[in-house]
Amino acid sequence: MSEYLSITTLTKYIKYKFDQDPHLQSVLLKGELSNFKRHSSGHLYFNVKDNDSVISAMMFKGSASKLTFDPKEGDEVLLEARVSVYERRGNYQIYVNKMELDGIGNLYQKLEQLKHKLSKQGYFNKEHKKAIPKFPKKIAILTASTGAAIRDIQSTIESRYPLVEKIPLSTLVQGTQAKKDIIEKIEYADTLDVDTIIVGRGGGSIEDLWNFNEEDVVKAIYNCNTPIISAVGHETDFTLSDFVADVRAATPTQAAVIATPDQYELMQQIKQYQFSLTKFIKQFIEKKQQHLNYLSSYYKFKQPSLLY
């Protein structure tokens, strides 16, 4: 019977093999969290899965305390872990040392953290919002010199209120240099004695729009003395620039609508005022005429000698 191994012996041997394999001491994995549980001890227990496989995992309290986000069911994550065997159950699992959100999820987490920080500091408070002038004389437009955004804004302003002077300032809206350029153009536009500044660009991914989430850009908009309309992306896109700006427009076209009155509506108002004024003057003259007729019909005026 000596050739038969106990379950414990076999499991210990397998665990020894796992623990001695240098390729299993530090593996990089990505997958989706499932069956996530946070134990009262501070340890994390969960599964990591992809479309075809699943593996048990745990993270000790010490490593878990260093996380920069709050893991939850369904998160796509990147892991650094070692692979070993849990002897009591005889199954292999991973022991996670580091965990971070994968790709876009990491950006969204960073966005939420910065949004919470700036909101707490009062950058998004309503009392700091400036009113958009109703009849602007000059509007600065900060966006790329080519593309749909600048065309949409300029054509909409031209059709609505051609009296206003448009000042386009070619601005980088994507790439590593865009943050600095956006800030410089906002500060420059603030010196041009314009009535309104439109800052915008067309739609894109969260990576494409990220420059408008930068803390320094948010502070540049907040410190600007000229009212700013933020028109970044499409209707479903939101950036921190939208929250700090005086007004958020769902699209660049809507920003132009917000910034200007409609000449056709103004003409209708003028016609209505003209009609009302004409009616008032006519009624005023008729009333004075009636009063004059009443006075002229006075009998002593008909016989002037009676006045002496």
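Here the structure is a predicted model, which means the values were calculated and not measured.
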Open item on the list: Return the CZ to CG distance between Phe18 and Leu24, rounded to the nearest 0.5 Å.
Closed with: 6.5 Å

Task: Ser6 side chain to Thr9 side chain, donor-acceptor N/O pair below 3.5 angstrom - done: yes

Open item on the list: Test your reading of the model: is there a side-chain donor-acceptor pair from Lys185 to the backbone of Leu169, 3.5 Å cut-off?
Closed with: no

- [ ] Tell me, yes or no, whether the heavy-atom count around Ile7 atom CD1, taken from other residues, nucleotides or ligands under 6.0 Å, exceeds 12.
- [x] no

Task: Whether Glu73 side chain and Asn35 backbone form a donor-acceptor pair below 3.5 Å - done: yes

Open item on the list: Could you check whether any side-chain heavy atom of Ser26 comes within less than 4.5 Å of a side-chain heavy atom of Glu80, counting everything from C-beta outward?
Closed with: yes

Open item on the list: Looking at every heavy atom in both Lys115 and Phe124, which two are closest together, and how far apart are they?
Closed with: O-CE1, 3.6 Å

TODO: State, with a plain yes or no, whether a side-chain heavy atom of Ile139 is found less than 4.5 Å away from one of Ile157.
DONE: yes

Task: Note: Glu76-Lys30 ion pair, threshold 4.0 Å (strictly below) - done: no

TODO: Test salt bridge (charged side-chain N to carboxylate O under 4.0 Å, His left out) on Lys137 and Glu165 and set out the steps.
DONE: CA-CA 6 Å; Lys137 295 179 180 179; Glu165 179 184 352; over 6 Å; no

Open item on the list: With a 4.5 Å cut-off on side-chain heavy-atom distances among I, L, V, M, F, W and Y, is there a chain of contacts connecting Val257 to Phe135?
Closed with: no

- [ ] Treat each ILVMFWY residue as a node, draw an edge where side-chain heavy atoms are under 4.5 Å apart, and state whether Ile94 and Met58 are in one component.
- [x] no

Task: Short side-chain to backbone donor-acceptor contact, Asn125 and His128, under 3.5 Å - done: no

Open item on the list: If you compare all heavy atoms of Ala189 against all heavy atoms of Val194, which two are closest, and at what distance to 0.1 Å?
Closed with: O-CG2, 3.8 Å

- [ ] Cation-pi check, Arg248 to Phe238: give yes when NZ or CZ is under 6.0 Å from the six-membered ring centre and within 45° of the ring axis, no otherwise.
- [x] yes

Open item on the list: The test is side-chain contact (heavy atoms from CB on, under 4.5 Å); show your working for Leu266 and Tyr161 and say whether it passes.
Closed with: CA-CA 10 Å; Leu266 291 177; Tyr161 196 60; 4.0 Å; yes

Open item on the list: Counting C-beta onward and ignoring hydrogens, is there a side-chain heavy-atom pair between Lys117 and Gln121 closer than 4.5 Å?
Closed with: yes

Task: Pairwise distance CD(Gln274) to NZ(Lys271) - rounded to 0.5 angstrom - done: 9.0 Å

TODO: Could you tell me whether Lys12 atom NZ has more than 12 heavy atoms of other residues or ligands within 6.0 Å of it?
DONE: no

Task: Criterion side chain to side chain contact (heavy atoms under 4.5 Å, CB included) against Met99, the qualifying member of Leu78, Val48, Val77 - done: Val77

Task: Minimum heavy-atom distance between Asn97 and Ser63, given as atom pair plus value - done: O-CB, 3.5 Å

Open item on the list: Quick one about Ser230 and Asp242 (side-chain donor to acceptor, distance below 3.5 Å, no hydrogens or angles considered), yes or no?
Closed with: yes

Open item on the list: So Lys219 and Tyr123, do their side chains get closer than 4.5 Å, heavy atoms only?
Closed with: yes

- [ ] Quick one: pull up CD in Gln269 and OH in Tyr264 and give me the separation to the nearest 0.5 Å.
- [x] 15.0 Å

Task: Rounded distance [0.5 Å steps], CG in Asp193 versus CG in Asn225 - done: 11.5 Å

Task: Close side-chain approach of Leu5 and Tyr13, heavy atoms under 4.5 Å - done: no

Open item on the list: Can you confirm whether Glu286 is buried at CD, in the sense that more than 12 heavy atoms of other residues, nucleotides or ligands lie under 6.0 Å from that atom?
Closed with: yes

Open item on the list: Is it the case that over 12 heavy atoms from other parts of the model lie below 6.0 angstrom from the OH atom of Tyr188?
Closed with: no

TODO: Could you tell me whether the side chain of Arg201 and the main chain of Gly203 form a donor-acceptor pair under 3.5 Å?
DONE: yes

Open item on the list: Using modelled atom types and a 3.5 Å cut-off, is there a donor and acceptor pairing between side-chain atoms of Arg38 and backbone atoms of Tyr45?
Closed with: no

Task: Donor-acceptor contact present, side-chain Asn213 to main-chain Leu240, <3.5 Å - done: yes

- [ ] Assess whether side-chain contact (heavy atoms from CB on, under 4.5 Å) is satisfied between Tyr95 and Ser84, documenting all intermediate values.
- [x] CA-CA 7 Å; Tyr95 295 84; Ser84 188; 3.7 Å; yes

TODO: Please determine, by modelled atom types, if Asp190 and Thr226 share a side-chain donor-acceptor pair under 3.5 angstrom.
DONE: yes

- [ ] Using atom types as modelled and distance alone, determine if a side-chain donor or acceptor of His43 lies under 3.5 Å from a backbone N or O of Lys61.
- [x] yes

Task: Co-membership, hydrophobic cluster, residues Leu44 and Leu29, 4.5 Å side-chain - done: yes

Open item on the list: Please tell me whether Ile221 and Ile198 are part of a single hydrophobic cluster in this structure, the criterion being side-chain heavy atoms less than 4.5 Å apart.
Closed with: no

Task: same_hphob_cluster(Val244, Ile132) at 4.5 Å side-chain heavy-atom cutoff - done: no

Open item on the list: Checking Gln263 against Arg160: is there a side-chain donor and acceptor pair closer than 3.5 Å?
Closed with: no

Task: From CD1 (Ile150) to OG1 (Thr171), nearest 0.5 Å - done: 9.0 Å

Task: Side-chain H-bond candidate by donor/acceptor type, Gln25 with Asp21, under 3.5 Å - done: no

- [ ] In plain terms, say whether Lys130 and Asp246 are close enough for a salt bridge, that is, a side-chain N and a carboxylate O under 4.0 Å apart.
- [x] yes

Task: Exam field: side chain Asn293 to backbone Gln289, donor-acceptor pair closer than 3.5 Å - done: yes

TODO: Report yes or no: does Gln154 contribute a side-chain atom to a donor-acceptor pair with the main-chain N or O of Ile141 at less than 3.5 Å?
DONE: no

Task: Interatomic spacing from CD1 in Ile258 to OG1 in Thr196 - rounded to 0.5 Å - done: 10.5 Å

- [ ] For Tyr92, look at atom OH and say whether over 12 heavy atoms of other residues, nucleotides or ligands are found less than 6.0 Å away.
- [x] no

- [ ] Would you indicate whether the side-chain heavy atoms of Pro71 and Phe36 approach each other to under 4.5 Å?
- [x] yes

Task: Exercise: identify the closest heavy-atom pair between Asp216 and Lys179 - done: OD2-NZ, 3.6 Å

Open item on the list: With heavy-atom distances below 4.5 Å as the criterion, would you say the side chains of Leu114 and Glu215 are in contact?
Closed with: yes

Open item on the list: side-chain contact (heavy atoms from CB on, under 4.5 Å) for Gln93 and Val83? Distances and angles first, verdict last.
Closed with: CA-CA 6 Å; Gln93 66 180 36; Val83 186; over 6 Å; no

Open item on the list: If you define the side chain from C-beta out and look only at heavy atoms, does anything of Glu265 sit under 4.5 Å from Pro261?
Closed with: no

Task: Considering all heavy atoms, the nearest Gly62-Ser65 contact - done: O-OG, 2.7 Å

Task: Full working for side-chain contact (heavy atoms from CB on, under 4.5 Å) between Ile167 and Leu192 - done: CA-CA 9 Å; Ile167 305 177; Leu192 297 179; 4.2 Å; yes

- [ ] Spell out, as yes or no, whether a donor-acceptor pair under 3.5 Å connects the side chain of Asp75 to the backbone of Leu33.
- [x] no

TODO: Write down the atom of Ala259, the atom of Ile229, and the distance for their closest heavy-atom approach.
DONE: CB-CD1, 3.8 Å

